[in-house]
2 protein chains.
Amino acid sequence: MGPSVSGVGVIDKATQVLDALEEAPRSLSELVAVTGFSRATAHRLAVALELHGLVRRDEEGRFALGVRLIALGRAAAEAIPLASAALPALEALRDETGESVQLYVRQGDRRVCIAALESPHGLRTIVPMGASLPLEVGSAGKILSDASNESVGTESSPNRRPWVESVGEREAGVASVSAAVAGPDGRALAAVSVSGPIERTTRQPGRRYGDAVVAAARHIETAAGLA
Amino acid sequence: MGPSVSGVGVIDKATQVLDALEEAPRSLSELVAVTGFSRATAHRLAVALELHGLVRRDEEGRFALGVRLIALGRAAAEAIPLASAALPALEALRDETGESVQLYVRQGDRRVCIAALESPHGLRTIVPMGASLPLEVGSAGKILSDASNESVGTESSPNRRPWVESVGEREAGVASVSAAVAGPDGRALAAVSVSGPIERTTRQPGRRYGDAVVAAARHIETAAGLA
DNA sequence: ATTAGCGTCTCGCATACTGAGACACAAGAA
DNA sequence: TTCTTGTGTCTCAGTATGCGAGACGCTAAT
């Protein structure tokens, strides 16, 4: 293996084990194959993580992500004031549009949902808190991709509207529209989204909900003391 | 520091950092005080965890649990078939009793909520998925304490009823009743609970809901293929 | 103006981690 | 049924890594 990326090689390896288990429970041999570690190293790391509850064994003896991560994930979400500050605005947006709403932040080359409220309709999109999605697809992904490259809303930005829509990108039959929740420097800290089935949102969800999403983003910035 | 508890000292230390941050965001100095590590060590570990998204800096520059934990927590919950298998029985229990219901598993000397449904009443208890609570208080804690020591339901068990109730233990004004979800060997794998304000549950929630909770535990065992 | 405390970084040294290989057992192949 | 292969677990000699005292720059407190 090459030099440590973080300065602590064991942490690099331990997080590779967790990443490998995020996809599915794995036998030791699968873990060795996926991570490239020697069998002794993969075993030692997985058992150490198991002792701390970050990994567990499933009914078939395979390594799986442990219950401690559920508690830590909850605590992580609670420690993000943006998520709790956003809740009133998310509730108002869900009530006004009748569709499911989410708040995402960027995590490397992906986005993670840090708050979610579901539509009362029987047919609705469900993105649970904690869901991790790629940046390449979906309107929120595009908002958060921009965040690393340039400020949203400047003249040079390809995005001249204050919202982005997508139709059938993340999932067939689903459309969404998102707006940036900007920090003091103008960069997108988060993306607020409305999503639902195309048959209700239409193929132009931006026309239908864009103003409401942008207004919700402004309310969130105010509630979080960002503007 | 003494010898490693898990066989990998860095993982022991890294999880101590995460545990310290679970309570609240902390400055580096606070992290040093809480963990007992040298400042250089605490800094190096926190920055390494930050690089992997397990830790982040809040607006004040303090270390806090990172967004990656939300995604891992979600994946951990999804990998527990018991939680998804339990949902129909939890829904039925919530509908029958009108109160909030939860499913807990044991995590060391604590219990973690792996599934939760809330009562439709305005006044209701809220235990979010991922919530981590001590074993010493609350009916579910007692169910899961027993799990390590002896099989629930044997003659030697202090618990002769198939459910346990508590009144005002975890939180003033709240009562709950729980039953064990047992594995093939009779040990409690999980605890299913009904909880609500004392004014609705009365001071004898067991008389009111005990049968329903036990029936739900049986349904969960069947749905999960444990019985 | 001075001192104390903070976060970040360096680098010599001690030790903790690595991984080849052994072992026991189960599963698969002949 | 017997033999072979694959699995999970464990050991231990060697070495690469992580540790922490101390330096540094900056900010806050005195």
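In what follows, chains are A, B, ... by sequence order, proteins preceding strands, each numbered from 1.
- In this structure, A/R26 forms no cation-pi arrangement with A/F63, as its terminal cationic atom is not both closer than 6.0 Å to the ring centre and no more than 45° off the ring axis.
- At the heavy-atom level, B/G61 lies nowhere under 4.0 Å from the strands shown.
- The number of heavy-atom neighbours closer than 6.0 Å to NE2 of A/H52, taken from other residues, nucleotides and ligands shown, is above 12.
- Among B/S193, B/S176, B/S195, the one residue that satisfies the side-chain hydrogen bond (donor to acceptor under 3.5 Å, both in side chains) test with B/T125 is B/S195.
- Under a 4.0 Å N-O distance rule, the pair A/E22/B/R68 qualifies as a salt bridge.
- Side-chain nitrogen and oxygen atoms of A/H43 include none within less than 4.0 Å of the OP1 or OP2 phosphate oxygen of D/dG8.
- Across the protein-nucleic acid pair, A/L28 atom CG and C/dG19 atom P stand 14 Å apart, rounded to whole Å.
- In this structure, B/R44 and B/S29 both approach DNA chain C, and ranking their closest nucleotides by distance from the 5' end singles out B/S29.
- At a threshold of 4.0 angstrom between heavy atoms, the contacts of B/R57 are confined to the sugar-phosphate backbone, with no base atom among them.
- The nearest whole Å value for the distance from the CZ atom in B/R39 to the P atom in D/dG18 is 20 Å.
- Taking atom CD of residue B/E30 and atom C1' of nucleotide C/dG7, one finds them 13 Å apart after rounding to whole Å.
- Dashed line: the shortest gap from a side-chain N or O of B/K13 to OP1 or OP2 of D/dC19 is under 4.0 Å.
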